[in-house]
Amino acid sequence: MRSSSFLVAAALLLTLPAHAQPSKGWAPVSNTALAQDYARRGEHEKVVFLFEKLPLEEQTSLATFPVYIASLQALKRYKDAEKLAKKAMKLRSDDATLGVALGGAYQAAGDKPAAEKQWQKVLSQLAPTQVQPVAAEFSRRELPEWTERTYLRGRALAKNDTEYAPQLIQLYTQAGDQPKVLAETLRLIAQDDRQLPYVRNMLQNALHEEKDFDALEKQLITAIQEHPDQSAYSELLLWLQVQRRDFGGALVQARALDRRSRSEGVRVLELAAIAQQNKDCETAIEGFAYVVKEYRNGPYYNGARQRLLQAREAQVRETYPVDQAKVRALVTEYEQLLTELGRTPDTAPIIRNLANLYAFQLNDRAKAMTLLQQVIDMPRASDEVVDEAKITLGDLYILKGEPWEATLLYSQVEKSHKDSPLGYEAKLRNARLSYYAGDFKLAQSHLDILKEATTREIANDAMQLSLLIQDNTVEDTLGLGLKAYAAVEQLVFQNKIPEAIKGLDALLERFPGHSLADDTYYLKAQLQRRTGDFPGAIATLERITANPQTDVLSDDALYLLARIQEEDVKDKGKAQEFYNQLIARFPGSIYVAEARKRFRKLRGDGVQ
C-alpha cells in the first residue's frame, strides 16, 4: 500500500497550476508562493504538506510562518500550531509578535485563559521598540482590547501621558468609545497645542450625537476654568461652538482669545463673518461692533465698520415688517462713512450696498441706478465689484420692466466671469429672467449647466428651480399654472407684495388641486410674514402641515411656523412645540440641527 504522503504528493502534482507543471527545462515555483496560492483557495492540507518539508528556519520565516500556522489552525491541528509558534519564538526571540501568535494558537484551540495569560506575558516583557508591531498584530487579529493594552503599556514605558495618543484616538473612534476619545484628545492638546488641527479632524469624525457634543462642551468649560492660561481649550471650544452653530457662545471665546493673544480683533472679525453667513445677525453685529470699539486705530477698523453696517442692514431686511425708519438711519450712516472715507475703489462696495437700500427698501430706483453707474464707471475699481454692480443694475432694469437691458448686463458678467461664482450668479439671473417670462425650456438650459456649479448655494438654487419646472410641467404640459406662479414670483422680486399675494390667491382659485398648491401656500405665508400679518402666515402654513398627503414642504412649513412663533409672535411655548414636531416627524430634514439648537435654547438648556 502506498503511503499517505505519497498520495498527497501525487495529488499535489496533478493539481499544480499550469505554470508550475513539470516540463522540459522546468524551473520550479517556490514552495512559499505555491502554498500561498493554495491558502488563498482554502486548500490547507496542500499548504501544510509543502511547508512541513521545509527546514525550520524557512518554516518560521516572515514570509512562511503566518500562512503555515493559519493553515494548521484551519485544520484544527492546534498542538502542531502551538509547537510551531514556540519554535519560531526560540529562533526569533526579538520578535514579540510571535508571542501574540502563540496566544492566538491557544485561542483557536478554545483555551482562552491560556491565550490571555500568554498575551499578558508578551506585554510584561514588551520593549519600547516592540509596541507598534505588537499593537499592529493584535489589531490584525481583531483584538481591540489587547491593542489598547499594548499602547497603554507603551505609554507607561515611555513615561509620557500622550505617547501613542493618535493611535488610541483612532482605536477609540473606531470602537465608538466617545468618553475615551474625549479624554485622549483633551490630554493631547493640553500637552501640545500644535495638535489642535489633528484633534479637530478626529473629533469631526468621532462626534455624531448631541450628547457627545454636550459631553465635550462640559469638559472643555471645566478645563478652561481650571486652566485659564491654556488657550488650546478655548480654541477647541470655539471650534466646537461654531460646529454647533452656537455663534453667541463662540463669540465669547473669540473675544477672550483676542484679548489674550492681542490679535487686534482678527479672530472676532472672522467669527462675526461666519455668523453673518449663517444669518445670525445679532452675533455678527456684536462681533463687528467689538472690533470697531476696541481697535479704533487697528488695521481692521474700516473693514469692521463696513461689515457692521452690512450686518445691521441684513437684520433690518429680515425683521418683519421692515422698519423704514431704520432703513433711513442706515442710509445716513452709509453716507457718513462715504464722506469720511471718500468715494474710492476701496469704498465701491459701500456705494453698491447703499444702492441696494435705495433700490429694494426705499423704492428710489433712480438714485440707486445713479450710484451703481458710479461704481461701474469708477477707474481702478475691482472687476468683481464692478460686475456685482452690473448684476444689481440688471435687477433694477427688471423692476423697471426692461428685461432686455437686464439680460444684456447679466450676459456681460457671464462672459467676463466664466466658470466663477459671479458668472454662475449672472447665469442664474438669466435663468430666472427666462422663467419669469414663461420660457421654461430656455430657463432649463441655463439651469442644467448651473446644477454642476462649484458654488453649493447656486447649485442648490438651480436644482430647486429646475425641479419646480419639471414637477409642474408633467401634467400641465402647457405650464399655465407655472406661468401664473412665475409671474407672481416676478412681482415678489419687484417688491410688489400686495399684488403678489392677490396673484397667489387668484392662482389657488383658478387652479384648484394643482401640484403647485403647497408652493403657493408657502410663498403666500412668507409674504404675509413680510407684511407683518403673522396670524395670516400661521393660518396659511397650517394649510400645509394639516394636510396628511403633503410631505415635500411640511418640514419647511413647520420650521417657518416655529420661527414666526419664536421671533415675531414671541410665543416660546408654541415655538418649542413646532420645533419638537419637526424633529420627531422629519428626522432627516435639513432643518433638524438648527431646530434642535433653537429648541434647547428656548427650553433653557445650558452647559453647567
Side-chain angles (χ1 to χ4, degrees), residues 197 200-201 203-205 207-208 213 239-247 250 269-281 283-284 307 310-311 313-314 317-318 349 352 356 382-385 387-388 390-392 394-395 410-411 413-435 443-471 489 492-493 519 522-523 526 552-560 563 582 586-598:
R200 285 194 291 254
N201 185 53
L203 289 173
Q204 188 89 51
N205 297 328
L207 304 182
H208 303 292
F213 289 103
W239 169 83
L240 175 65
Q241 288 166 328
V242 170
Q243 300 305 301
R244 303 186 78 176
R245 298 168 62 86
D246 178 8
F247 301 112
L269 205 62
E270 290 170 353
L271 187 278
I274 294 171
Q276 186 173 3
Q277 288 169 6
N278 286 273
K279 302 189 184 304
D280 185 346
C281 296
T283 300
R307 297 299 295 269
Q310 290 172 11
E313 180 186 337
R317 281 200 315 267
E318 293 167 17
R352 189 196 63 236
N356 284 339
S382 76
D383 292 342
E384 188 159 339
V385 173
D387 282 348
E388 285 173 349
K390 284 184 178 180
I391 288 177
T392 306
D395 294 345
Y410 296 152
S411 299
V413 178
E414 272 193 65
K415 187 176 180 181
S416 62
H417 282 81
K418 193 174 182 181
D419 298 328
S420 76
L422 197 57
Y424 291 138
E425 185 63 49
K427 184 177 283 292
L428 183 60
R429 291 290 212 285
N430 263 328
R432 286 198 177 278
L433 200 55
S434 301
Y435 165 71
Q444 197 67 269
S445 68
H446 288 297
L447 296 170
D448 287 341
I449 297 170
L450 288 169
K451 282 187 274 187
E452 306 300 322
T454 54
T455 304
R456 185 177 64 180
E457 187 175 349
I458 292 174
N460 287 345
D461 288 346
M463 181 66 73
Q464 287 179 8
L465 184 55
S466 177
L467 289 173
L468 181 71
I469 293 171
Q470 290 173 23
D471 292 346
E489 286 211 287
V492 174
F493 182 80
D519 297 274
Y522 189 69
L523 179 56
Q526 290 176 303
V552 176
L553 287 177
S554 289
D555 60 331
D556 302 79
L558 275 172
Y559 184 66
L560 186 53
R563 291 284 299 271
L582 172 61
F586 303 99
S589 170
I590 60 171
Y591 301 111
V592 163
E594 182 68 12
R596 187 176 285 115
K597 187 190 86 171
R598 287 173 174 269

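If you're wondering where the values come from, they're calculated on a predicted model, not measured in any experiment.
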Results of side-chain contact (heavy atoms from CB on, under 4.5 Å) for Ala595 - residues two or more places apart only:
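Scan of Ala595 (side-chain contact (heavy atoms from CB on, under 4.5 Å), adjacent residues dropped) gives Tyr579, Leu582, Ile583.
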Among all residues two or more places apart in sequence or in another chain, which pass the side-chain contact (heavy atoms from CB on, under 4.5 Å) test with Gln526?
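For Gln526 the side-chain contact (heavy atoms from CB on, under 4.5 Å) partners, ignoring immediate neighbours, are Tyr522, Leu523, Leu560.
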If you count the non-hydrogen atoms of other residues, nucleotides and ligands that lie under 6.0 Å from CD in Glu457, is the total more than 12?
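For Glu457, atom CD is not crowded (no more than 12 foreign heavy atoms under 6.0 Å).
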Of the options Glu384, Glu313, Glu388, which is the one that meets Arg352 in a salt bridge (charged side-chain N to carboxylate O under 4.0 Å, His left out)?
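Only one of Glu384, Glu313, Glu388 forms a salt bridge (charged side-chain N to carboxylate O under 4.0 Å, His left out) with Arg352, namely Glu388.
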Any Leu203 side-chain heavy atom under 4.5 Å of Trp239 side chain:
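Yes, close enough: below the 4.5 Å cut-off.
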Electrostatic pair Lys597:Asp246 at N-O distance under 4.0 angstrom
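Salt bridge: no.
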Output the distance between atom [atom1] ([X]) and atom [atom2] ([Y]), rounded to the nearest 0.5 Å.
{"X": "Leu240", "Y": "Gln204", "atom1": "CG", "atom2": "CD", "result": "10.0 Å"}
{"X": "Arg429", "Y": "Ser434", "atom1": "CZ", "atom2": "OG", "result": "14.0 Å"}
{"X": "Tyr424", "Y": "Glu414", "atom1": "OH", "atom2": "CD", "result": "10.5 Å"}
{"X": "Gln470", "Y": "Leu465", "atom1": "CD", "atom2": "CG", "result": "10.0 Å"}
{"X": "Arg307", "Y": "Gln276", "atom1": "CZ", "atom2": "CD", "result": "5.0 Å"}
{"X": "Asn460", "Y": "Ile458", "atom1": "CG", "atom2": "CD1", "result": "10.5 Å"}

Could I get the full list of salt bridge (Lys or Arg N to Asp or Glu O under 4.0 Å) partners for Asp448, not counting sequence neighbours?
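Scan of Asp448 (salt bridge (Lys or Arg N to Asp or Glu O under 4.0 Å), adjacent residues dropped) gives Lys451.
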Residue pair Asp383 / Ser416, side-chain donor-acceptor N/O under 3.5 Å:
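Distance-only check fails for Asp383 and Ser416.
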Going through the distances and angles, do Tyr435 and Glu489 end up as a side chain to side chain contact (heavy atoms under 4.5 Å, CB included)?
CA-CA 10 Å; Tyr435 165 71; Glu489 286 211 287; 2.7 Å; yes
Using the rule given for side chain to side chain contact (heavy atoms under 4.5 Å, CB included), can you reason through Arg563 versus Arg598, listing the C-alpha separation, both sets of side-chain angles and the distance that settles it, and then say yes or no?
CA-CA 9 Å; Arg563 291 284 299 271; Arg598 287 173 174 269; 3.6 Å; yes
Passes side chain to side chain contact (heavy atoms under 4.5 Å, CB included), Gln243 versus Arg200? Steps please.
CA-CA 10 Å; Gln243 300 305 301; Arg200 285 194 291 254; over 6 Å; no
If every non-hydrogen atom of [X] is compared with every non-hydrogen atom of [Y], which pair is closest and at what distance?
{"X": "Ala311", "Y": "Ala284", "result": "CB-CB, 4.1 Å"}
{"X": "Ala462", "Y": "Leu450", "result": "CB-CB, 3.5 Å"}
{"X": "Gly394", "Y": "Tyr410", "result": "C-OH, 3.4 Å"}

Is the side chain of Tyr559 donor-acceptor paired with the backbone N or O of Val592 at a distance under 3.5 Å, no angle test?
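Judged by distance alone, no pair lies under 3.5 Å.
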Can any side-chain N or O of Thr283 pair as donor or acceptor with the backbone N or O of Asp280 at less than 3.5 Å?
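Checked: no pair found.
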